[in-house]
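Structure, as C-alpha cells:
Just so we're on the same page: letters track the sequence lines, and every chain starts at 1. Here the structure is a predicted model, which is why all the values come from computation and not from measurement.
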There are 2 protein chains.
Amino acid sequence: MTAPKNKLAPTMNEVAKEAKVSVAKVSRVVNGKGGVKKDLEQRVLRAMKKLNYHPSSLARSFKQQRSMLIGIVIPLLEHPAYSRMASAIERRLFDYDYRALICNSEEDEERENDYIEMLLRQRVEGIIINSSARGTQHLAELRDNNIPIVLFDRMLQDVQCNQVFCDNSLGGYTGMRHLFELGHRRVGVIGAPMYPEPMIRRIRGTREAIAELGMDDDPALLVTGDTQLFDMGYQAAQHLLGLNVPPTAIFALTDVTAVGVMHAVAEMGLKIPDDVSVMGYDDLPIASYTIPPLTTIAQPLIEMGEKAVELLFKQIDDPDLAPEKAVLPTRLILRQTTALLRH
Amino acid sequence: MTAPKNKLAPTMNEVAKEAKVSVAKVSRVVNGKGGVKKDLEQRVLRAMKKLNYHPSSLARSFKQQRSMLIGIVIPLLEHPAYSRMASAIERRLFDYDYRALICNSEEDEERENDYIEMLLRQRVEGIIINSSARGTQHLAELRDNNIPIVLFDRMLQDVQCNQVFCDNSLGGYTGMRHLFELGHRRVGVIGAPMYPEPMIRRIRGTREAIAELGMDDDPALLVTGDTQLFDMGYQAAQHLLGLNVPPTAIFALTDVTAVGVMHAVAEMGLKIPDDVSVMGYDDLPIASYTIPPLTTIAQPLIEMGEKAVELLFKQIDDPDLAPEKAVLPTRLILRQTTALLRH
DNA sequence: TTGTATGCGTTATCAT
DNA sequence: ATGATAACGCATACAA
C-alpha cells in the first residue's frame, strides 16, 4: 500500500488564518475553554465550518500523551457471547468519551500477542482482555509495563490484576445438580473447546457434582473438542447417544453447542425433553427461541462488561490500587429442555 | 475521568541514550531501513528490550500524516450477520497492516454521525460503512472531505461512491419464486425492520414476484416492524397465522426473524414444512441448525467484506478513480423448511 | 555509516 | 482577552 494522495485535512493553523486570529484562540474555541470574545468566537466557528475543520485526535493525543483509547481483546467476534461482551464494553467506554480498539484474536495466541503489541504502540490507556492464551506471561508483561488491564471472562490464577468473571465452577455444578434433581444420574457433558479457563472450571463444577451427588462417573460421558460452534455439539451428541449405555441428559457447556445437540437429537428421532434432557450455558438470545426453549445457565454479560470498564477506570485513576476480582452471579434459567427422568 | 498517573512509556530518545547512539539510528533499526552496523544494531535492540520500548504509533502517525486506521461502521455488533461482516473486514485489513476502528451505531442515526466525526478526527484513511441513516447527506459530506469511503451492504442511490452489496431485490424475488414453484400462492412476508435499504429491496423483490407470478396480493400479508430480532419474527408469525385466511408459507427476510417464526409455528402446534413453509434470508450459521434446517437465501458476507476492503484500497491508491458498484450474487439454499403445498 | 536538525498539529505557558 | 512560542516522539533531509 502506498501513501495516500488525498488532500490533507485542514489544520488549526489554516482555520486561524481564515479567521484572522491566533491558533491559540482557535484551540480555546475548539475546547470550549472560554475567555474568548463572542464575536471572535463566531468568526472562528464560521471559519471552521467553511474549511470543514475537524480537530486532529492524532495531534491532540500526541501532545497530551493521552490516547483516549482502550483496547478490547476477545477470542471471536463472530460468537454471539463475545460480540455481546464487546459491545457492552464499547458502549460503556463511549459514554466516558473513550474509544475502543476491538481486537479479534480468533482464539489464536500469536494473533493475540500481535494485537497486544499493536495496542501498546497505539498507547491505549488500558486493556480489557478475554485471553486466548494458555500462559500468562504476556499479561504479566503488560502489568510490568504499567498498563492498566482487566482480565475478562477468562480469569487467570497467578497474575496480579483486575479480573471480572462468573463462578463457572458453580455454574457447572448448578446445571448438574438441576439434572440430578430431575432424576438424571448419567449425564453427558460437552466441554468444548477444552482449554479456555471458563470451560475448565465449568467441567470441574460438573465433576464436583458427579462426585458429591454420586452420579455416574464415566469418562466416556465427557466430550471435548476444538471449537465451541454448533457443529461441535452436533458431533458430540451423536457420539454420546451412540454409546452402549447412552446418557439420559446432556449438559452442553455453551448454548451454541447445545443447539447443535438439539439438532442431532432430533435427527435421531428422539424427543427433547422426553427422551433426553438438554442443558445449555450462556443464555444467549437464541436459547429462548429453540424448540423447545433451552434450559440454561445465564451469565450477566452486560454487567460483566460494565464492571470491567469500572475496574479499568478505577485503576487508571489510581494505578497503585490493589487489583480486584469481581465475581458475578450465574443463574439457572428454567425452560423446557429438561424434564424428570422417565423410568 | 482524570489524566492517567501512570509512568510514561519509554521514548526513542531514551533508547538512544541507553544505547549511546542517535535517535536517527534507533529509528532506522526500528524500521529496518538498513545501513546500520551489525554491532550497533544489536546494542539498539538490547536497549529496546531492556527499556521495554514500543514505538509510538501516535507520534509516528502524526509525523507521517498517516494513521493506518480504517473506520468500520455497522448497525449492530451483536447481530450475527453484522459481526460476521465486521470480522471479515477487520481480518482483511489486518493483513494489510491496517487497523480497524469498529463503530457500533446501534441503528441510531445520531450515534452514527458521532462515530463518523470521531473517525474524521482520528484521521482514518478510509471508512467502510453499513449506514443506519435514512439520508445520504453525511456521506456526501465525507466524499467532499475527500475521505475514501465504501458503502457496504446497504447501498444508497444518489451518492457517488464505492458500494458493495447483494442484489436484495433479486434475493426477495428468488425466495418468492421458490415458494411459488412449490405451489404456494399466499405467502406472508416479514420485512422487519422496514427502513434499511436492503430490506426495502427485498420487500420490493417479493412484490415483483407476487405481481409477475400472480400470487395473492393482500396487504395483510406483509408485516413490518422495528427490529430484526427473534422476537419480531415470533410476533409477526402469530399475527400472520391468526389471519382469517392464513398464508401457507412465510418468508422472513432475515434468518433471525425466521427462527422466531419457527418458534411461533411450533407453539401453535403446526408442523414445518407440512403445515407451513418457512424461508429465511442471510444463511447464518444458525440456519443449518434449526429443526428442521432452514431454507434460506445466502449472502456471501465474507466476500463482501473482502471486496469492500479491495475497493477501499483502490480508492486510497487513486482517489480520482470512478466509484465502483460491486454486486455480489445471492444463492438459494435448499434445506427442509419448505415443501410442496398440500391440497 | 552516522548524527543533527527540522517539522508534523495541537495544547499550555507565558507574556502582553 | 489575546498572541507568540515551546514541547510532545518520531521520520527524514541533509551534513559530515
Please tell me which of the listed nucleotides, [options], lies nearest to the side chain of [X]?
X: A:Lys37; options: C:dT10, D:dG9, D:dT2; answer: D:dT2
X: A:Thr11; options: C:dG9, D:dG9, C:dG3; answer: C:dG9
X: B:Lys25; options: C:dG9, C:dG3, D:dT2; answer: C:dG3
X: B:Ser22; options: D:dT2, C:dT4, C:dT10; answer: C:dT4

**Message:** How close do A:Thr11 and A:Tyr53 get, counting heavy atoms only, and between which atoms?
**Reply:**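 Heavy atoms only, the tightest pair is C-CE1, 3.7 Å.
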Separation of atom [atom1] in [X] from atom [atom2] in [N], rounded to whole Å:
X: A:Lys17; N: D:dG3; atom1: NZ; atom2: P; answer: 15 Å
X: A:Gln65; N: C:dT10; atom1: CD; atom2: C1'; answer: 12 Å
X: A:Phe62; N: D:dA11; atom1: CZ; atom2: P; answer: 11 Å
X: A:Leu51; N: C:dG9; atom1: CG; atom2: C1'; answer: 15 Å
X: A:Arg43; N: D:dA1; atom1: CZ; atom2: P; answer: 16 Å
X: B:Asp39; N: C:dT1; atom1: CG; atom2: P; answer: 11 Å
X: B:Asn13; N: D:dA11; atom1: CG; atom2: P; answer: 13 Å
X: B:Glu14; N: D:dC10; atom1: CD; atom2: P; answer: 9 Å

Quick one: [atom1] on [X] to [atom2] on [Y], what's the gap to the nearest 0.5 Å?
X: A:Leu40; Y: A:Arg28; atom1: CG; atom2: CZ; answer: 11.0 Å
X: B:Asn146; Y: A:Leu8; atom1: CG; atom2: CG; answer: 10.5 Å
X: B:Cys103; Y: B:Ile127; atom1: SG; atom2: CD1; answer: 8.0 Å

**Message:** Tell me every residue that passes ring-ring contact (aromatic ring centres under 6.0 Å, His included) with B:Phe94, counting only those two or more places apart in sequence or in another chain.
**Reply:**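 Checked B:Phe94 against ring-ring contact (aromatic ring centres under 6.0 Å, His included); matches are A:Tyr115.
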**Message:** Is it true that A:Glu125 and A:Tyr98 share a donor-acceptor pair across their side chains at a distance under 3.5 Å?
**Reply:**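 Present: a donor and an acceptor within the cut-off.
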**Prompt:** Do we see a donor-acceptor contact under 3.5 Å between the side chains of A:Asn162 and A:Gln315?
**Reply:**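 Looking only at side-chain atoms, A:Gln315 and A:Asn162 do form a donor-acceptor pair, the distance falling under 3.5 Å.
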**Prompt:** Given B:Glu14 and B:Lys17, is the salt bridge (Lys or Arg N to Asp or Glu O under 4.0 Å) satisfied, shown in steps?
**Reply:** CA-CA 5 Å; B:Glu14 300 175 52; B:Lys17 256 180 228 155; over 6 Å; no
**Message:** Given B:Arg154, which partner from the list B:Glu107, B:Glu112, B:Glu197 fulfils the salt bridge (charged side-chain N to carboxylate O under 4.0 Å, His left out) test?
**Reply:**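 Of the listed residues B:Glu107, B:Glu112, B:Glu197, the salt bridge (charged side-chain N to carboxylate O under 4.0 Å, His left out) partner of B:Arg154 is B:Glu107.
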**Request:** Give me the bend of the helix from C:dT1-D:dA16 to C:dT16-D:dA1, using the axes of the five pairs at each end, rounded to 10°.
**Result:**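 Between the axes fitted at each end of the helix from C:dT1-D:dA16 to C:dT16-D:dA1 lies an angle of 40°.
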**Request:** Let me have a per-nucleotide readout for nucleotides 11-16 of chain C, 5' to 3', with B, S or -, counting only protein heavy atoms under 4.0 Å.
**Result:** BB----
**Request:** Identify whether any heavy atom of B:Leu40 sits under 4.0 Å from a base atom; if not, whether one sits that close to sugar-phosphate; answer base, sugar-phosphate or nothing.
**Result:**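 Sugar-phosphate contact only.
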